[in-house]
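Okay, so here's the structure we're looking at.
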Amino acid sequence: MTRRPTLRCSLASVAAFAAVLGGMTGIAATGTTAHAGTRTTASTPLTPELEKIRAAEAVRLYGDSAERPLTERKTSLLSLGDSEISGEGIGTYEPGTNGPDNWCHRSPDAAIHRTSIPADVTYNVACSGADTTNIRIGGGKQYADELVQSDNLAVKARNTRVKLVLLVAGANDDLQFGPVMTDCVTRYLTLQGTCEPKYAPGWQARVDGLVPKVERTVRDLRTVMRDAGYADADYKLVVMGYPSPIGPDFEDNPDFPGKLPGGCAGYTSDAGWGRNTAVPAFERGMRRAALASGAYYLDNSRLFHGHEVCSDNAWARGLYVDLSNPFPPDSNSVRQSFHPNARGHAAFAACLTQLYTSGYREAGCADPASTGTPELRKVAWDEAYRPLRNAATGTCVDAYGAASRNGTAVGGWDCSGSRNQEWWYDAERGSLRTALSHDRCVDVPGGKYAAGAAVTLWDCHGGGNQRFVRTGGTIRPVAAQDLCLTLAAAKDPVRLQRCDGSRSQSFG
């Protein structure tokens with residue numbers, strides 16, 4: 001039985017707690033050279049404070065405080081950013097990062113520690129709640145016992161040979177993704193109505209505001225590495241995008257426990273807006289920032305499709321109230337909510353490993369057949385999906401009602417450019433996917449290949465009744481290639497009919 005997110009309080013406590021949910025809301029390097037004459041790189045001096053930290057870390061790594069040449073160092077991987085990558089939501093945290101004075105919530109099970117990229121040491125310097133000012137050169141510390149994250153990178157880049165720098169940041173800048181999510185839950189629990197009308201009008205402006213900040217952060221990290229003696233080609237700097245933790249299809253889970261017990265408290269329409277509009281806009285902004293600053297880019301916007309909160313085999317933790325914190329509950333009591341769980345971080349790690357070994361500058365990662373195994377594709381997801389316009393009717397193939405629940409009807413409708421009219425033919429698997437969810441494929445119900453049978457959407461599973469071949473403009477079931485997807489009239493259902501060469505069977 002799949003483990004589900006657990007609330008550590010009664011439903012009455014959650015309702016009472018709704019009122020407080022709304023509150024959730026200079027670098028250089030060292031000149032120490034005990035190995036003088038054998039160094040292959042040169043670094044600029046660190047401040048005395050950072051040099052002291054570097055020397056102490058070197059002692060722990062090697063037994064002495066020398067700054068070694070790159071070729072003599074242990075190799076490392078390092079992640080920077082916010083709660084999405086620190087490990088917030090996993091539930092187990094490194095000592096000193098689980099309050100009461102430091103809430104970075106760094107987990108030993110975070111993704112950077114779980115890749116298959118060969119490295120001697122791994123470092124997670126990300127911190128829950130961080131925005132780009134906590135990462136950039138000359139930025140501010142989040143807590144008294146924390147370094148600015150770029151300073152932490154400067155130290156570790158001199159003591160080890162860094163192979164991968166992973167950045168996941170932006171959600172806590174203009175977007176304020178956590179407080180928005182919290183407000184949406186609060187409005188649901190207190191019966192205030194949906195949050196989409198409140199946030200949708202200004203959402204793109206928020207995204208546009210964060211993009212230059214992420215760009216500057218990437219450029220600062222490049223500067224840190226150059227000051228530490230690295231050429232840009234000596235390591236990979238990856239910007240990773242955010243997956244959507246929520247979606248509207250949770251009732252397809254055969255073991256759906258209900259919204260409150262399952263932790264997916266919120267209006268279903270808000271969950272749809274988050275998955276279909278808010279997160280994709282955020283992802284496009286992150287991609288712009290990565291491409292403009294020359295970073296590698298990992299598009300994870302679809303990674304949790306089929307694994308959202310309240311789905312079977314969820315990769316994100318739902319609404320979670322930790323009552324071990326002092327009463328009354330505060331923002332720290334709920335900060336773990338709607339973050340990747342241990343399975344989510346395992347998925348991140350699998351995607352990072354594949355990206356690192358692929359050589360791709362950008363790629364998308366998702367679970368294509370509900371197997372729990374992420375796969376990387378050399379594609380940015382938003383560029384993969386396109387409308388399917390019927391040659392005879394001029395209308396577009398549409399997932400009716402902008403829905404993606406199992407059994408959703410597929411038919412023709414006036415072309416609008418909306419997400420429910422975008423499709424991706426995955427030639428490798430032969431599947432035809434809706435842009436609404438990477439976990440929903442066009443399906444011949446029951447594998448009944450007969451003229452007149454209407455196709456629907458269903459969980460992607462890779463079975464024969466979800467495999468199609470594109471021949472010219474036609475789309476045919478692999479198991480019955482004498483049948484073609486057909487749109488007989490402008491707003492008819494898409495049905496199987498005998499292939500006859502007519503324009504009603506041509507989609508482009």
Side-chain angles (χ1 to χ4, degrees), residues 26-29 43-44 46-47 50 77-86 104 112 123-143 146-158 162 164-180 202-242 279 281-301 355 361-362 380:
I27 296 173
S43 58
T44 57
L46 284 170
T47 64
L50 293 183
L77 316 173
L78 184 141
S79 60
L80 311 95
D82 56 29
S83 57
E84 190 72 11
I85 203 64
S86 73
C104 281
I112 199 67
Y123 296 113
N124 176 12
V125 305
C127 185
S128 179
D131 61 32
T132 55
T133 63
N134 305 126
I135 305 170
R136 295 188 56 208
I137 294 173
K141 297 181 179 182
Q142 283 181 261
Y143 302 104
E146 287 289 322
L147 290 176
V148 175
Q149 292 183 35
S150 54
D151 284 347
N152 229 326
L153 174 62
V155 168
K156 289 163 174 55
R158 287 162 174 77
V162 178
L164 171 72
V165 176
L166 172 65
L167 174 66
V168 186
N172 296 322
D173 285 85
D174 302 63
L175 206 66
Q176 291 291 294
F177 195 80
V180 170
W203 192 253
Q204 187 59 52
R206 291 181 181 225
V207 171
D208 293 340
L210 71 87
V211 169
K213 296 175 183 178
V214 176
E215 288 181 29
R216 288 195 296 270
T217 303
V218 173
R219 293 192 174 100
D220 275 8
L221 298 183
R222 287 287 193 205
T223 298
V224 171
M225 295 298 285
R226 289 167 186 157
D227 286 350
Y230 291 74
D232 291 353
D234 289 339
Y235 65 100
K236 291 186 177 180
L237 198 167
V238 176
V239 172
M240 188 182 89
Y242 295 71
V279 170
F282 184 20
E283 194 69 26
R284 288 190 294 271
M286 292 293 290
R287 182 181 181 231
R288 281 163 47 202
L291 297 181
S293 56
Y296 290 78
Y297 184 59
L298 177 58
D299 182 348
N300 276 346
S301 58
L355 179 69
R361 293 296 306 188
E362 69 170 330

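These figures come from a predicted structure and were not determined experimentally.
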Do Lys156 and Val125 touch side chain to side chain, with heavy atoms closer than 4.5 Å? yes
Shortest non-hydrogen contact from Leu210 toward Gly170: CD2-O, 3.8 Å
Answer whether the closest heavy-atom distance between the side chains of Trp203 and Leu175 falls below 4.5 Å. yes
Is any side-chain heavy atom of Leu167 closer than 4.5 Å to one of Ile135? yes
If we ignore hydrogens and angles and just use 3.5 Å, is the side chain of Tyr235 paired with the main-chain N or O of Met225 as donor and acceptor? no
Do Leu153 and Tyr123 touch side chain to side chain, with heavy atoms closer than 4.5 Å? no
What heavy-atom pair brings Arg206 and Asp174 nearest, and what distance separates the two atoms? O-CB, 3.3 Å
Between Ser150 and Arg136 (side chain of the first, backbone of the second, donor and acceptor by atom type, cut-off under 3.5 Å), is there such a pair? yes
Nearest non-hydrogen partners of Val162 and Tyr230, listed with the distance: N-OH, 3.1 Å
Is the backbone of Ser128 close enough, under 3.5 Å, to the side chain of Gln142 for a donor and an acceptor to pair up by distance? yes
Looking at every non-hydrogen atom in both residues, tell me the closest pair between Ala130 and Gln149 and how far apart they are. CB-NE2, 3.6 Å
Result of checking Asn124, Leu80, Ile85 against Leu166 for side chain to side chain contact (heavy atoms under 4.5 Å, CB included): Ile85
Test applied, side-chain hydrogen bond (donor to acceptor under 3.5 Å, both in side chains); reference residue, Tyr242; option that passes from Asp299, Asp82, Asn300: Asp82
Contact between Leu78 and Asn152 at the side-chain level, heavy atoms closer than 4.5 Å - yes or no? no
I need the Thr217 OG1 to Ile137 CD1 distance, nearest 0.5 Å. 10.0 Å
Any idea which heavy atoms bring Leu237 and Val218 closest together, and the distance? CD1-O, 4.0 Å
From Lys213 NZ over to Asn172 CG, what is the distance, rounded to the nearest 0.5 angstrom? 11.5 Å
Would the distance check show the side chain of Asp234 and the main-chain N or O of Ala231 forming a donor-acceptor pair, the cut-off being under 3.5 Å? yes
Any idea which heavy atoms bring Glu215 and Arg288 closest together, and the distance? OE2-O, 4.4 Å
Would you indicate whether the side-chain heavy atoms of Asp232 and Arg222 approach each other to under 4.5 Å? yes
